[in-house]
Amino acid sequence: IAAASLVLVLVALSSTFTKYVPKSGQRIPQSLSRGWGDQLNWAQTYEEALSLSRSTNKPLMVLFHLEDCSQSLKRALAHDDEIQRILDEDFVVLNVIQETVDQNMSPDGKYVPRIVFVDPSMTVRDDIIGRYSNRLYGYEAADMNVCKCSS
């Protein structure tokens with residue numbers, strides 16, 4: 001009986017620590033994720049992301065960053081199962097290290113990290129901004145809880 005109880009406890013604990021797995025099943029990690037969420041289907045280019053957004057009628061989230069910065073934000077976003085599920089099911093996602101030529105993607109400057117949302121009609125959502133007046137589209141790891149509470 002003690003062994004059976006131990007197995008049940010281990011199963012219960014392991015289920016609380018599991019990572020997000022898409023409904024379609026475990027995916028092979030993409031190098032396009034760059035550590036921001038290996039189970040997400042990241043678009044390869046800005047043009048592809050815009051096309052996917054239009055064809056699926058899902059908004060686009062564009063994450064601008066540098067490879068070696070934003071580690072705490074990266075960990076917060078990549079390890080939050082709820083955020084990963086929402087991004088996987090409800091958004092087209094793109095992360096870019098280099099700026100796009102579309103000036104609409106840097107409405108208040110070219111700083112990183114920066115997250116810009118674009119609706120399927122290809123309009124930058126200037127009403128979805130962070131809480132920093134000097135970098136409207138900037139987010140930090142601590143903002144992930146704020147984002148989840150306000151949604």
Side-chain angles (χ1 to χ4, degrees), residues 12-151:
L13 282 175
S14 68
S15 67
T16 51
F17 296 114
T18 57
K19 296 267 314 146
Y20 169 72
V21 177
K23 289 178 184 175
S24 61
Q26 187 80 14
R27 297 185 184 132
I28 296 172
Q30 299 181 30
S31 60
L32 295 174
S33 78
R34 298 181 180 97
W36 290 90
D38 289 340
Q39 295 303 307
L40 300 177
N41 282 321
W42 294 92
Q44 190 165 3
T45 65
Y46 180 56
E47 293 75 18
E48 176 190 10
L50 288 174
S51 176
L52 283 169
S53 176
R54 283 191 309 267
S55 67
T56 61
N57 202 33
K58 292 181 178 181
L60 166 62
M61 183 193 82
V62 183
L63 169 64
F64 293 89
H65 64 97
L66 297 176
E67 193 66 44
D68 58 348
C69 77
S70 313
Q71 294 302 313
S72 61
L73 177 61
K74 182 186 288 189
R75 278 190 301 276
L77 193 138
H79 296 288
D80 188 305
D81 288 345
E82 179 68 8
I83 291 174
Q84 291 289 300
R85 183 192 60 75
I86 291 168
L87 291 175
D88 184 49
E89 294 176 3
D90 301 329
F91 288 87
V92 172
V93 289
L94 172 69
N95 74 55
V96 290
I97 298 173
Q98 298 177 342
E99 290 290 334
T100 67
V101 294
D102 186 346
Q103 293 302 312
N104 294 313
M105 297 307 290
S106 52
D108 67 333
K110 295 184 177 188
Y111 52 87
V112 292
R114 181 172 84 247
I115 300 174
V116 178
F117 295 92
V118 181
D119 68 27
S121 70
M122 298 188 357
T123 303
V124 172
R125 295 290 304 270
D126 59 7
D127 60 324
I128 304 175
I129 57 174
R131 59 184 177 151
Y132 307 99
S133 60
N134 62 334
R135 44 192 179 91
L136 295 177
Y137 300 89
Y139 294 88
E140 295 180 5
D143 298 329
M144 292 302 101
N145 288 332
V146 173
C147 295
K148 287 167 55 175
C149 293
S150 63
S151 59

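One is the number of the first residue; the rest follow in order along the sequence.
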**Asked** Run the side-chain contact (heavy atoms from CB on, under 4.5 Å) check on His65 and Ile97 step by step: do they pass?
**Response** CA-CA 5 Å; His65 64 97; Ile97 298 173; 3.8 Å; yes
Are [X] and [Y] packed together at the side-chain level, in the sense that at least one heavy-atom pair is separated by less than 4.5 angstrom?
{"X": "Gln84", "Y": "Leu77", "answer": "yes"}
{"X": "Leu73", "Y": "Glu140", "answer": "no"}
{"X": "Asn41", "Y": "Val93", "answer": "no"}
{"X": "Leu60", "Y": "Leu50", "answer": "yes"}
{"X": "Phe91", "Y": "Pro59", "answer": "yes"}
{"X": "Val92", "Y": "Met61", "answer": "no"}
{"X": "Leu87", "Y": "Trp42", "answer": "no"}

Please confirm whether the backbone N or O of [Y] pairs with a side-chain atom of [X], one donor and one acceptor, at under 3.5 Å?
{"X": "Tyr111", "Y": "Tyr137", "result": "yes"}
{"X": "Asp108", "Y": "Leu136", "result": "yes"}
{"X": "Thr56", "Y": "Leu52", "result": "yes"}

Exercise: identify the closest heavy-atom pair between [X] and [Y]:
{"X": "Ile129", "Y": "Asp126", "value": "CG2-O, 3.5 Å"}
{"X": "Tyr132", "Y": "Tyr139", "value": "CE1-CA, 4.4 Å"}
{"X": "Ser72", "Y": "Ala141", "value": "O-CB, 3.4 Å"}
{"X": "Ala78", "Y": "Gly37", "value": "CB-N, 4.0 Å"}

Could you grab the distance from atom [atom1] of [X] to atom [atom2] of [Y], nearest 0.5 Å is fine?
{"X": "Leu40", "Y": "Ile86", "atom1": "CG", "atom2": "CD1", "result": "11.5 Å"}
{"X": "Asp80", "Y": "Arg75", "atom1": "CG", "atom2": "CZ", "result": "14.0 Å"}
{"X": "Ile128", "Y": "Asp119", "atom1": "CD1", "atom2": "CG", "result": "8.5 Å"}
{"X": "Leu63", "Y": "Asn95", "atom1": "CG", "atom2": "CG", "result": "5.5 Å"}
{"X": "Glu48", "Y": "Ser53", "atom1": "CD", "atom2": "OG", "result": "12.0 Å"}

**Request:** Show the numbers, then the answer: is there a side-chain hydrogen bond (donor to acceptor under 3.5 Å, both in side chains) between Tyr46 and Asp102?
**Result:** CA-CA 9 Å; Tyr46 180 56; Asp102 186 346; 2.6 Å; yes
**Asked** Does the side-chain contact (heavy atoms from CB on, under 4.5 Å) test come out yes or no for Arg135 and Arg114, once each step is laid out?
**Response** CA-CA 8 Å; Arg135 44 192 179 91; Arg114 181 172 84 247; over 6 Å; no
**Request:** Carefully, step by step, assess Trp36 and Lys74 under the rule side-chain contact (heavy atoms from CB on, under 4.5 Å).
**Result:** CA-CA 5 Å; Trp36 290 90; Lys74 182 186 288 189; 3.4 Å; yes
**Request:** Start with the C-alpha gap between Val116 and Phe64, add the side-chain angles, then the distance that decides, and say whether side-chain contact (heavy atoms from CB on, under 4.5 Å) holds.
**Result:** CA-CA 8 Å; Val116 178; Phe64 293 89; 4.2 Å; yes
**Item:** Asp143 with Arg131: basic N within carboxylate O range, under 4.0 Å
**Value:** yes
